[in-house]
Amino acid sequence: MSRSNTKVGRILKPKLSAFARNLLAEWRRLELPESGANIVVAVSGGADSTALLLGLDELIRKERLRLKLTVAHLDHGLRADSANDAKWVSQLAKELGYNAVRGRAKLKVSRGVGTGPKSRKSKSRENLEQAARKARYAFLEKTANKRNANFGLTAHTLDDQAETILMRLLRGSAAEGLSGTPAVRELAPGSQVKLVRPLLAWARRSDTEEYCRRRQIDFRVDVMNDDETFSRVRVRKQLLPLMKSFNNRIVEALSRTATLLNEDAVALSAEAGQLLELAAHKPEKNSETRLPRLRVNILLQSPAAVRRRTLREWILRSRGDLKRVEMVHLIAVEKLLKGERGGRVAELPGGIEVTRRRGMLELSHKKGLKKAPATSKIPRVRHRR
């Protein structure tokens, strides 16, 4: 039989682009559904999110994935021409054959606090960035729920990961923070929707821009990405280029470091969970909180790295989040373990107090306290009179 005859009856699938092949490989590595699932893709119109949409479109058209896509676009209303971005995304989705859901955010930003005009402006910018991020994720979850989708996709890349790691390093974050952004997590605490970042582990910003050009799509450019009053933009424009002069593959190196730190953090967190169970003591009947107290003598038997993670998890379960809780706060609580004197108190953001009493750590909320401001203060350890 001739060589050509061996291909009779075999259906050859169309060849994929390199970008689509990498996307499919990551999709499978993350064990995401390849058929029958509703997926919501967040698309701003920039190169990264546009490339993600186009890559998924290629995989669907070439029958590697069988998914139902919905395009979600949130207009933050921060630029005069932002409405044009929304129209552009809707038109692209229509041309590709997908439904688009548009929303508009009403951002409420607290005023920055600083020692001078420049500091106040920078702080205000950071508050704006946080408010915009919160609005995006809320809109993505809302859209996913309406579309009965269990997955919401964003287009964070290796470059975004590197910027995040450096920003957290500059703040003095622990291993969890330096582990970077996870590729998959709950979109919100208790949510059935998973937030997935399928470009995070492999795609550079240059890859997304090149793929858009190959697909002959002129992506949108946000001028705010060049605004160096944002810390992230300064990291991108100033710090990363400097680091690249020492290591041309600094972005990939930072990603590898984050992966290694994440593995360490997972192992230590597992030990911290066991320590929390051992140290926990049921609260008294008249306790202000149902959260267990912690035995000081049990906590002191473990290494500091495990002990601080235990305290962190204990606080998380009480508050429901760790907003504005930083390493300095955990160290302040840890200082309560030293010595024999009781009655000492560590104050945490959000009106939380941790008290040492009778060999136990107790957590409570201050009575009549107004909501804490958006600035983190160095915690004070004081003796209760």
Side-chain angles (χ1 to χ4, degrees), residues 16-74 89 92-93 96-101 133 136-137 139-141 143-144 147-165 179-188 191-215 217 219 251-252 254-256 258-259 262:
L16 294 174
S17 66
F19 187 91
R21 284 200 307 273
N22 288 329
L23 178 57
L24 181 59
E26 181 67 3
W27 195 269
R28 289 171 173 168
R29 188 186 73 83
L30 297 175
E31 299 181 348
L32 300 175
E34 297 185 31
S35 65
N38 293 334
I39 306 289
V40 176
V41 187
V43 181
S44 66
D48 297 342
S49 59
T50 300
L52 175 58
L53 174 60
L54 294 173
L56 290 170
D57 175 67
E58 180 179 347
L59 292 173
I60 290 172
R61 292 183 184 279
K62 294 182 179 179
E63 300 183 347
R64 298 312 203 272
L65 297 177
R66 293 174 176 81
L67 307 169
K68 184 175 181 181
L69 294 188
T70 297
V71 175
H73 176 88
L74 181 66
V89 170
L92 176 63
L96 295 175
Y98 305 116
N99 291 324
V101 177
R133 183 185 303 111
R136 284 196 300 274
Y137 287 146
F139 174 70
L140 186 58
E141 183 181 24
T143 304
R147 298 286 170 160
N148 295 317
N150 291 325
F151 300 93
L153 274 55
T154 61
H156 294 87
T157 65
L158 272 172
D159 296 88
D160 295 307
Q161 182 76 294
E163 293 162 12
T164 297
I165 293 166
S179 298
T181 304
V184 181
R185 69 166 175 83
E186 290 182 346
L187 190 48
S191 175
Q192 297 299 312
V193 182
K194 296 291 186 183
L195 175 63
V196 183
R197 302 176 174 99
L199 305 184
L200 188 68
W202 63 273
R204 296 292 308 272
R205 196 161 288 133
S206 56
D207 296 326
T208 62
E209 293 175 353
E210 175 60 24
Y211 183 60
C212 287
R213 284 191 285 266
R214 289 193 61 181
R215 292 288 300 266
I217 299 296
F219 52 85
V251 169
E252 291 83 356
L254 287 169
S255 180
R256 286 196 303 273
T259 299
N262 181 64

Taking atom [atom1] of [X] as the centre, report whether more than 12 heavy atoms of other residues, nucleotides or ligands fall under 6.0 Å from it.
X: R61; atom1: CZ; result: yes
X: E34; atom1: CD; result: yes
X: K62; atom1: NZ; result: yes

Worksheet item: Are the side chain of N22 and the backbone of A18 linked by a donor-acceptor contact shorter than 3.5 Å?
Response: yes

Worksheet item: Is the side chain of S255 donor-acceptor paired with the backbone N or O of L158 at a distance under 3.5 Å, no angle test?
Response: no

What is the distance from atom [atom1] of [X] to atom [atom2] of [Y], rounded to the nearest 0.5 Å?
X: I217; Y: L96; atom1: CD1; atom2: CG; result: 7.0 Å
X: D48; Y: D207; atom1: CG; atom2: CG; result: 9.5 Å
X: T143; Y: L74; atom1: OG1; atom2: CG; result: 8.5 Å
X: L54; Y: R214; atom1: CG; atom2: CZ; result: 12.5 Å

What's the shortest heavy-atom distance between [X] and [Y], and which atoms?
X: A258; Y: S179; value: CB-O, 3.4 Å
X: S44; Y: G46; value: OG-N, 3.1 Å
X: A149; Y: V193; value: O-CG2, 3.7 Å
X: P198; Y: L30; value: CA-CD1, 4.3 Å
X: I165; Y: G180; value: CG1-CA, 4.0 Å
X: V71; Y: V89; value: CG1-CG1, 3.7 Å

Beyond-backbone contact of [X] with [Y], side-chain heavy atoms, under 4.5 angstrom:
X: L199; Y: L23; result: yes
X: E58; Y: R64; result: no
X: V43; Y: H73; result: no
X: L59; Y: L67; result: no
X: L65; Y: L24; result: yes
X: L52; Y: T154; result: no
X: K194; Y: E186; result: yes

Worksheet item: Which residue pairs pass the ring-ring contact (aromatic ring centres under 6.0 Å, His included) test with at least one member in residues 195-214, sequence neighbours excluded?
Response: F19-W202, F19-Y211

Worksheet item: R185 and R197: side-chain contact (heavy atoms from CB on, under 4.5 Å), yes or no, with the steps?
Response: CA-CA 9 Å; R185 69 166 175 83; R197 302 176 174 99; 4.0 Å; yes

Worksheet, complete the sentence: By side chain to side chain donor-acceptor pair (under 3.5 Å), R205 pairs with (sequence neighbours left out) D160, E163

Discussion item. Check for me whether R147 meets the cation-pi criterion with Y98, that is, NZ or CZ under 6.0 Å from the six-membered ring centre and within 45 degrees of the ring axis.
Written reply: no

Worksheet item: Would you call E252 and R204 a salt bridge, using N to O less than 4.0 angstrom?
Response: yes

Worksheet item: Hey, are N99 and T70 close enough side-chain-wise for a donor-acceptor pair under 3.5 Å?
Response: no

Item to complete: Begin with the C-alpha distance, continue with both residues' side-chain angles, and end with the deciding distance and a verdict on side-chain contact (heavy atoms from CB on, under 4.5 Å) for R215 and T50.
Response: CA-CA 10 Å; R215 292 288 300 266; T50 300; over 6 Å; no

Practice prompt. Please report the C-alpha distance between R29 and E26 in whole Å, then the side-chain angles of each, then the deciding distance to 0.1 Å, and finally whether the salt bridge (Lys or Arg N to Asp or Glu O under 4.0 Å) criterion is met.
Written response: CA-CA 5 Å; R29 188 186 73 83; E26 181 67 3; 2.8 Å; yes

Worksheet item: When you look at H156 and T181, which way does the side-chain contact (heavy atoms from CB on, under 4.5 Å) test go after all the steps?
Response: CA-CA 9 Å; H156 294 87; T181 304; 5.6 Å; no

